[in-house]
Amino acid sequence: MPELPEVETTRRGIAPHLEGRTVKGVVVRERRLRWPVPVGLDRTLRGQRVQGVERRGKYLLIRFASGTLIIHLGMSGSLRVLPAETPPQPHDHIDLCLADHCLRLRDPRRFGAVLWTRDDPREHKLIAHLGPEPLSDAFSADYLHQYASKRRVAIKSLLMDSKVVVGVGNIYANESLFMAGIHPQRTCNRISLARCERLVAAVKQVLAAAIEQGGTTLRDFQREDGKPGYFAQQLQVYGRGGAPCVACGRPLKETRIGQRSTVYCGRCQR
DNA sequence: AAATTCTCCTGAAGGC
DNA sequence: TGCCTTCAGGAGAATT
């Protein structure tokens with residue numbers, strides 16, 4: 001499941017193969033994604049040159065002179081650069097064809113999205129109201145503390161709210177809260193500035209480390225499976241309910257917050 | 001306004 | 001072995 005580190009790794013992987021290249025054609029085999037894939041993408045993009053590949057939160061932005069292709073990978077989406085004429089496999093929904101290669105979107109669960117906007121993508125409905133990037137200075141302890149003071153949800157829910165900060169999915173919310181020693185159920189307006197400081201630092205550290213590892217595990221973005229290696233590796237709590245806490249050895253507890261699997265240590269996290 | 005629940009979908013895992 | 005059920009999850013939409 002693509003979290004921000006994997007989306008960023010994908011961006012870095014595909015950008016050199018796209019930027020400055022001209023689209024030869026677009027093939028849409030399945031347009032029933034989260035929202036219908038716009039009709040006429042082939043006509044819109046054929047002959048257009050890619051000006052840049054950017055990211056905002058978990059949205060990838062492929063910029064052209066006449067507009068921007070907005071791509072979200074949802075839960076099961078992946079983008080790979082393949083040699084032209086590579087036969088499509090099941091769930092390979094869209095190809096962006098270049099001279100010698102194609103950018104191919106695969107998304108078995110179809111929670112992803114491919115949209116087109118002619119306007120500034122930063123003003124797009126889905127993007128305009130997003131919170132700050134987690135690795136930017138705008139995501140600070142002061143910012144989080146102030147935002148948290150106005151709300152009464154569990155801190156984990158706050159972290160995963162894209163209006164508060166983008167890119168912190170379920171896995172990294174669990175990991176960050178463990179690292180910061182904060183109980184995921186704790187009401188967000190009852191966390192001190194000092195503890196917000198720890199939490200913000202933890203989020204940045206976890207995401208930065210994952211991007212670094214995503215870079216190694218996904219460097220060969222043409223490979224068939226694209227399974228992120230950093231998942232299984234250094235996870236301290238996610239997926240480890242009942243297993244011993246790496247810090248104190250007590251069994252990790254598992255519960256649900258907002259329909260999401262939540263794992264924590266009842267002793268280390270308060 | 002804020003908080004909570006619902007919804008989309010398929011593959012994996014578990015039960016019998 | 002095979003069929004059935006359950007579950008996971010991003011995040012906007014709908015509901016409370």
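Chain A is the first sequence line, chain B the second, and so forth, proteins listed ahead of strands; every chain is numbered from 1.
For the pair Arg56(A) and Glu133(A), the salt-bridge criterion is met [side-chain N within less than 4.0 Å of a carboxylate O].
Glu175(A) contributes a side-chain N or O that, together with a main-chain N or O of Gln236(A), makes up a donor-acceptor pair within less than 3.5 Å. Using a distance-only test at 3.5 Å, with no hydrogens or angles considered, no donor-acceptor pair links the side chain of Lys58(A) to the main chain of Glu3(A).
Here the side chain of Asn170(A) is nearest to one of dG11(B), dA3(B), dG10(C), namely dG10(C). Distance from the side chain of Arg151(A) is smallest for dA2(B) among the nucleotides dA2(B), dG10(C), dG11(B). Side-chain atoms of Ser261(A) lie closest to dG9(C) of the nucleotides dA3(B), dG9(C), dG10(C). Of the candidates dC9(B), dT5(B), dG10(C), the closest approach to any side-chain atom of Arg109(A) belongs to dC9(B).
Atom NZ of Lys150(A) has more than 12 neighbouring heavy atoms from other residues, nucleotides or ligands inside a 6.0 Å radius. Taking a 6.0 Å sphere around CZ of Arg152(A), one finds it holds 12 or fewer heavy atoms contributed by other residues, nucleotides or ligands.
Residue Arg260(A) is classed as a base contact, given a heavy-atom separation below 4.0 Å to a base. Contacts of Arg32(A) with the nucleic acid, taken as non-hydrogen atoms under 4.0 Å apart, are absent. Across all strands shown, Leu33(A) has no heavy atoms under 4.0 Å from either base or sugar-phosphate atoms. Contact annotation for Arg34(A): base contact, defined as any heavy-atom pair under 4.0 Å involving a base atom.
Here Phe111(A) packs flat against the base of dG10(C); its ring centre is closer than 5.5 angstrom to the base's six-membered ring, tilted by less than 30 degrees.
Among Arg80(A), Lys24(A), Arg29(A), Arg106(A), the one residue that satisfies the salt bridge (charged side-chain N to carboxylate O under 4.0 Å, His left out) test with Asp95(A) is Arg29(A).
Trp116(A) and Phe64(A) have tilted rings, their planes meeting at an angle from 30° to 60° on a 0 to 90° scale.
For dT10(B), neither phosphate oxygen OP1 nor OP2 lies less than 4.0 angstrom from any side-chain nitrogen or oxygen of His91(A). In this structure, Tyr172(A) does not reach the dG10(C) phosphate: none of its side-chain N or O atoms is under 4.0 Å from OP1 or OP2. The side chain of Lys150(A) contributes no N or O atom lying less than 4.0 Å from OP1 or OP2 of dA2(B). Within the structure, a side-chain polar atom (N or O) of Lys125(A) is placed less than 4.0 Å from OP1 or OP2 of dA13(C).
Where Gln259(A) and Pro108(A) each meet DNA chain B at their nearest nucleotide, the meeting point lying more 5' is that of Gln259(A).
In the helix from dA2(B)-dT16(C) to dC16(B)-dG2(C), the end axes, each obtained as the rotation axis mapping the C1' atoms of four pairs onto the next four within a five-pair block, lie 50° apart to the nearest 10 degrees.
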